[in-house]
Every structure is written in C-alpha cells, then in structure tokens.
Amino acid sequence: MRNIETLKDFLFEAKQNTFIKDAKREIPSRPNSKDYAFKKYNYYYLDSHIGKSNIIGEEIIWQNEKLAWGMNYKSKQLVDSLPSGFRNFLKSALKNMDKDFPVRGPKEYANNNFKYTCSHEGDLESFKGTEYIYYNDDL
C-alpha cells in the first residue's frame, strides 16, 4: 500500500525538478509532446503535454512500475499573444505550490502586473481544480 505523504513529497520534488526548473526534456512519448521525467528511489514521474496556446497533458507517478497517481490537465489561452514575462511568471507561481497539495500553484500569487489563482475541490487522490492567470486584471 502506498504512503500518501511519501507520494506528496515525491510529487512536490518531481515538479520542482522538471518543467519549473527548465529541466532537459525527455524523448517525446507521443507526436509533438513535451515530456519531463524525474526518478527517485522506486518512484518515477512523467509530465507529458501537447500544444502551445491550447494544451492537453497528463502527469503520472509510478511506484515500483505500478500506477500510483495521475492527473490530466487542459489549458486554454484566451488572448492572441501572451504578455512579455508570462512564462517566467507561471513558473514562479508554480514554484510556490502548496506542499500539502502539490498539484499546481498556490491559491493566490501576484508579481508585477500578473496575478495567479488556483482553487480545487477534493484531495490528492480525487480532485478537480481551476487556475487563472490575469494580466493587468484581465484574463
């Protein structure tokens, strides 16, 4: 049986050492995907997403080569072009994720003209969440 606290700790560490950190990408697992992986002890994490302005992705954790956790996500860009600094702001917000719920960023985070919000229902084993990024108070 898996330990949820150990899984949380591993998920937090994996996220801090992959996309957020600009880690080296893995060989794509699907056509045109961007894949990031992290291994430690008997855990393996893979974040794989496809798209640029509209993204579909999934994060999966295996423990001893058996599925231990997973999440699917979808994002949609609501403006024609992203403001300068968007990518750095997003990574900064995600670095500040809650260690007790290391799925995305914190409930709220702001820097310069950007604001990030994230809400969820449920717990790590079963949840639904929504996040927004505002620039100059606009989505």
Side-chain angles (χ1 to χ4, degrees):
M1 183 172 170
R2 69 176 191 223
N3 178 318
I4 195 70
E5 292 304 316
T6 302
L7 186 76
K8 268 190 223 180
D9 291 344
F10 173 76
L11 180 58
F12 182 85
E13 186 175 1
K15 287 176 172 273
Q16 295 290 330
N17 286 286
T18 52
F19 171 75
I20 295 170
K21 190 178 179 182
D22 279 328
K24 180 182 172 201
R25 282 191 267 177
E26 301 292 310
I27 295 171
S29 59
R30 299 174 280 192
N32 302 310
S33 70
K34 294 178 181 145
D35 293 10
Y36 299 90
F38 182 77
K39 285 183 177 183
K40 188 170 184 181
Y41 308 121
N42 58 341
Y43 287 96
Y44 177 74
Y45 165 87
L46 178 66
D47 176 6
S48 178
H49 65 271
I50 300 168
K52 289 190 178 193
S53 58
N54 293 308
I55 296 172
I56 294 177
E58 67 183 351
E59 296 177 32
I60 300 173
I61 295 176
W62 290 265
Q63 180 183 13
N64 297 321
E65 298 184 6
K66 293 181 181 167
L67 180 64
W69 180 86
M71 125 174 144
N72 296 98
Y73 58 90
K74 181 178 187 273
S75 69
K76 183 176 182 180
Q77 183 177 313
L78 302 177
V79 294
D80 292 333
S81 63
L82 295 174
S84 176
F86 175 86
R87 183 177 166 90
N88 289 337
F89 171 77
L90 174 60
K91 288 184 178 198
S92 181
L94 297 179
K95 280 180 187 176
N96 286 285
M97 76 182 88
D98 182 354
K99 274 190 124 174
D100 288 327
F101 194 74
V103 174
R104 292 296 287 173
K107 288 182 182 179
E108 287 191 13
Y109 178 79
N111 191 346
N112 295 324
N113 295 329
F114 291 98
K115 180 180 178 184
Y116 172 95
T117 64
C118 184
S119 62
H120 71 275
E121 299 171 9
D123 59 22
L124 192 62
E125 297 196 71
S126 180
F127 67 91
K128 179 180 179 179
T130 304
E131 69 180 356
Y132 294 100
I133 297 176
Y134 302 86
Y135 181 70
N136 291 331
D137 295 324
D138 293 326
L139 275 176

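Computed from heavy atoms alone, side chains included, the values below leave out hydrogens, waters and symmetry copies.
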Where do [X] and [Y] come nearest, in terms of heavy atoms and distance?
| X | Y | result |
| --- | --- | --- |
| Pro83 | Tyr135 | CG-CG, 3.6 Å |
| His49 | Asp35 | N-OD1, 4.3 Å |
| Ala37 | Leu46 | CB-CD1, 4.3 Å |
| Tyr116 | Arg104 | OH-CB, 3.5 Å |
| Lys24 | Tyr36 | O-CD2, 4.3 Å |
| Asn96 | Tyr109 | ND2-CE1, 3.4 Å |

Test item: Glu108 and Lys115 side chains (from C-beta on) under 4.5 Å apart, heavy atoms:
yes
With a 4.5 Å limit on heavy-atom distance, are the side chains of Met97 and Gln16 in contact?
yes
Given the side-chain rings of Tyr43 and Phe38, with only the six-membered ring counted for Trp, is the space between their centroids under 6.0 Å?
no
[atom1]-[atom2] distance between [X] and [Y], expressed to the nearest 0.5 angstrom:
| X | Y | atom1 | atom2 | answer |
| --- | --- | --- | --- | --- |
| Leu7 | Leu11 | CG | CG | 6.5 Å |
| Asp138 | Ile133 | CG | CD1 | 14.0 Å |
| Asn54 | Lys74 | CG | NZ | 6.0 Å |
| Lys34 | Ser29 | NZ | OG | 13.0 Å |
| Leu124 | Met71 | CG | CE | 9.5 Å |
| Ile60 | Tyr44 | CD1 | OH | 9.5 Å |

Should we say atom [atom1] of [X] is surrounded by more than 12 heavy atoms from elsewhere, each under 6.0 Å from it?
| X | atom1 | answer |
| --- | --- | --- |
| Phe127 | CZ | yes |
| Asp137 | CG | no |
| Ile55 | CD1 | yes |
| Asn136 | CG | yes |
| Ile27 | CD1 | no |

Cluster link [X] to [Y], ILVMFWY, side chain under 4.5 Å:
| X | Y | answer |
| --- | --- | --- |
| Phe10 | Val103 | yes |
| Leu94 | Tyr45 | no |
| Leu90 | Tyr73 | no |
| Ile4 | Trp69 | yes |

Considering only residues two or more places apart or on different chains, which pairs with a residue in residues 39-51 satisfy salt bridge (Lys or Arg N to Asp or Glu O under 4.0 Å)?
Glu13-Lys40
Anything under 30° is parallel, anything over 60° is perpendicular, the rest tilted; go ahead and classify Phe89 against Phe114.
parallel
Are the side chain of Asn64 and the backbone N or O of Lys66 linked by a donor-acceptor pair below 3.5 Å?
no
Whether Glu58 side chain and Ser48 backbone form a donor-acceptor pair below 3.5 Å:
no
